[in-house]
2 protein chains.
Amino acid sequence: MGVTKTEIFTEEQNRIADLAKAFAHPARVAILQLLAQKKACVCGDLVDELPLAQATVSQHLKELKRIGIIQGEINPPRVCYCINEPVWEEARQAFGSLFDIYVKAAACC
Amino acid sequence: MGVTKTEIFTEEQNRIADLAKAFAHPARVAILQLLAQKKACVCGDLVDELPLAQATVSQHLKELKRIGIIQGEINPPRVCYCINEPVWEEARQAFGSLFDIYVKAAACC
DNA sequence: AAGGATTATCGTAATATTGCGATTTGATTT
DNA sequence: AAATCAAATCGCAATATTACGATAATCCTT
C-alpha cells in the first residue's frame, strides 16, 4: 500500500518518525548541515552548493519546512532559510531521550 | 525518479540518512523502543505488540538489520532480536555531532 | 518421516518519494 | 508596462516504501 498507518501509533512515535525524515535523505542532511553551519541561507546558494536541480532543492526545502525544522524568510526576490531553533532542539531532545532508553546490561538474547 | 543520487553525497551524509531511516517510520520507532527497553525480544512478541501483520513486522526487522542497528539470534523455532550496541552508539554519536554543529547566535536571516 | 511452531520470503497492490524540465508566481527594476 | 530575477509549483517518469495474504523455509518434537 505504501501508506503508513499513523493512527495506530502514538503521537510521540509519529513525531519522532517525522523528525527522522528530515535526516533520512542525504540531500536534506546536506541542506541542514549547510544551514546549521550558516554557510548558506539563500535558496539560490543552496542550489549552487548541491548538485541537484533547483526544483529538487525546493522540494526538499518544502519538506523540511513541513516538518518545521527550518523556516524561510521572504526577502524579495530571494528567500532566506534558516534552522528553526525550537524544532532543532525538539529533535535533539527527542533523539537524545530515545537513545537513552537503551541501557546495555541485561541483554535478553 | 524515486532514486536517490547517493554518489553525489559524502559517505557521512549517506550514512546519517541511512541511520535516520531506522527511525523514519513509526513502526520502526516502536520496534526500537521495545527492543531498547527489552520489553520484547522475540519476533513473535513484537508482532503481538504491534498492530501489524507478521509479514510487515518481519520486513521492518529486515530493514533495521540491513542498517545494522539490530541483530537477530536464531533460537529455534524463534528469533531473538536485540539492539546492536555499536551501531546504536554510532547513531547516538552521529546525531549528537550533527545537532551540535548548530550554534544559535549569528543568525543570517 | 510427519507434524507443529515460528519466521522469512514471494507476489501483488497501493501509495510515497525522488528528480527534473517547464511553467508560474511574486516582487523589483527599468 | 515590460523585462528580469529568484523561488515555488506543476506534470511527469521512475523507483522506493508500506502492507498483507499466501507460501516457503527452518528446525524442533513426536
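Chain letters run A, B, ... following the sequence lines, proteins first, then strands; residues in each count from 1.
- Remark: P of D:dA16 and CD of A:Glu63 are 19 Å apart, rounded to the nearest angstrom.
- Side-chain atoms of A:Lys65 lie closest to D:dA8 of the nucleotides D:dA19, C:dG21, D:dA8.
- For the pair A:Leu52/A:Val47, no side-chain contact is recorded, criterion being any heavy-atom separation below 4.5 Å from C-beta on.
- One interatomic measurement links the two molecules: CG of B:Leu52 to C1' of C:dA8, which rounds to 17 Å at whole-angstrom precision.
- Interface residues of residues 55-62 of chain B facing DNA chain D, ordered by number: B:Ala55, B:Thr56, B:Gln59, B:His60; criterion, heavy-atom separation under 4.0 Å.
- No side-chain donor-acceptor contact under 3.5 Å links A:Asn84 to the backbone of A:Gln71.
- Residues meeting the side chain to side chain donor-acceptor pair (under 3.5 Å) test with B:Thr10, sequence neighbours left out: B:Gln13.
- When the nucleotides D:dC5, C:dG21, C:dA8 are ranked by their closest atom to the side chain of A:Ala53, C:dG21 comes out on top.
- Of the side-chain N and O atoms in A:Arg78, none sit less than 4.0 angstrom from OP1 or OP2 of C:dG26.
- Applying the side chain to side chain donor-acceptor pair (under 3.5 Å) test to A:Glu90 and every residue at least two apart in sequence or in another chain returns A:Arg15.
- B:Ile101 places a side-chain heavy atom less than 4.5 Å from the side chain of A:Gln33.
- Distance CD1 (A:Ile31) to C1' (D:dA7): 14 Å, rounded to an integer number of Å.
- Where A:Pro77 and A:Ala24 each meet DNA chain C at their nearest nucleotide, the meeting point lying more 5' is that of A:Ala24.
- For B:Phe99, the ring-ring contact (aromatic ring centres under 6.0 Å, His included) partners two or more places apart in sequence, or in a different chain, are A:Phe23, A:Trp88.
- Legend: ring-ring contact (aromatic ring centres under 6.0 Å, His included) pairs involving residues 30-76 of chain B, not counting sequence neighbours, sorted by first then second residue: B:His25-B:His60.
- Residue contacts shown for B:Ile74 are absent, as no nucleic acid heavy atom lies under 4.0 Å away.
- Listed by first and then second residue, the salt bridge (Lys or Arg N to Asp or Glu O under 4.0 Å) pairs involving residues 76-86 of chain A are A:Glu85-B:Lys104 (not counting sequence neighbours).
- Toward the 5′ end of DNA chain D lies the nearest nucleotide of A:Val79, the other residue of the pair A:Thr6 and A:Val79 mapping further downstream.
- A salt bridge (Lys or Arg N to Asp or Glu O under 4.0 Å) check over residues 51-66 of chain A, counting only residues at least two apart or in different chains, returns the pairs A:Asp18-A:Arg66, A:Glu63-A:Arg66.
- The side chain to side chain donor-acceptor pair (under 3.5 Å) check on A:Glu89 picks up A:Arg92, with sequence neighbours excluded.
- For residues 45-58 of chain B, the set of pairs meeting the salt bridge (Lys or Arg N to Asp or Glu O under 4.0 Å) definition, not counting sequence neighbours, is empty.
- Residue pairs meeting the salt bridge (Lys or Arg N to Asp or Glu O under 4.0 Å) criterion with at least one member in residues 3-13 of chain B, sequence neighbours excluded, do not occur.
- Put simply, NE2 on A:His25 is 10 Å from P on D:dT17, counting in whole angstrom units.
- Look at CD on A:Glu7: it is 9 Å from P on D:dA19, rounded to the nearest Å.
- Among the heavy atoms of the strands lying under 4.0 Å from A:Gln54 is at least one base atom, whether or not backbone atoms are also near.
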Check the interface with nucleotides 12-14 of chain C: list each N/O to N/O pair with the protein under 3.5 Å, or write none.
{"from": "C:dA13", "atom 1": "N1", "to": "A:Met1", "atom 2": "N", "distance (Å)": "3.3"}
{"from": "C:dA13", "atom 1": "N3", "to": "A:Met1", "atom 2": "N", "distance (Å)": "3.1"}
{"from": "C:dA14", "atom 1": "N3", "to": "A:Met1", "atom 2": "N", "distance (Å)": "3.2"}
{"from": "C:dA14", "atom 1": "N3", "to": "A:Met1", "atom 2": "O", "distance (Å)": "2.3"}
{"from": "C:dA14", "atom 1": "N3", "to": "A:Gly2", "atom 2": "N", "distance (Å)": "3.2"}

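- Contacts between residues 43-51 of chain B and DNA chain D, defined by a heavy-atom separation below 4.0 Å, involve no residue at all.
- In this structure, of D:dT17, C:dT17, D:dT18, it is D:dT17 that holds the atom nearest to the side chain of B:Lys21.
- One can place CZ of A:Phe23 at 19 Å from C1' of C:dT17, the figure rounded to the nearest angstrom.
- What separates CD of B:Glu73 from C1' of D:dT26 is a distance of 16 Å, to the nearest Å.
- Atom pair A:Asp18:CG and C:dA16:C1' shows a separation of 13 Å (rounding to whole Å applied).
- Distance from the side chain of A:Tyr81 is smallest for D:dA8 among the nucleotides D:dA6, D:dA8, C:dT6.
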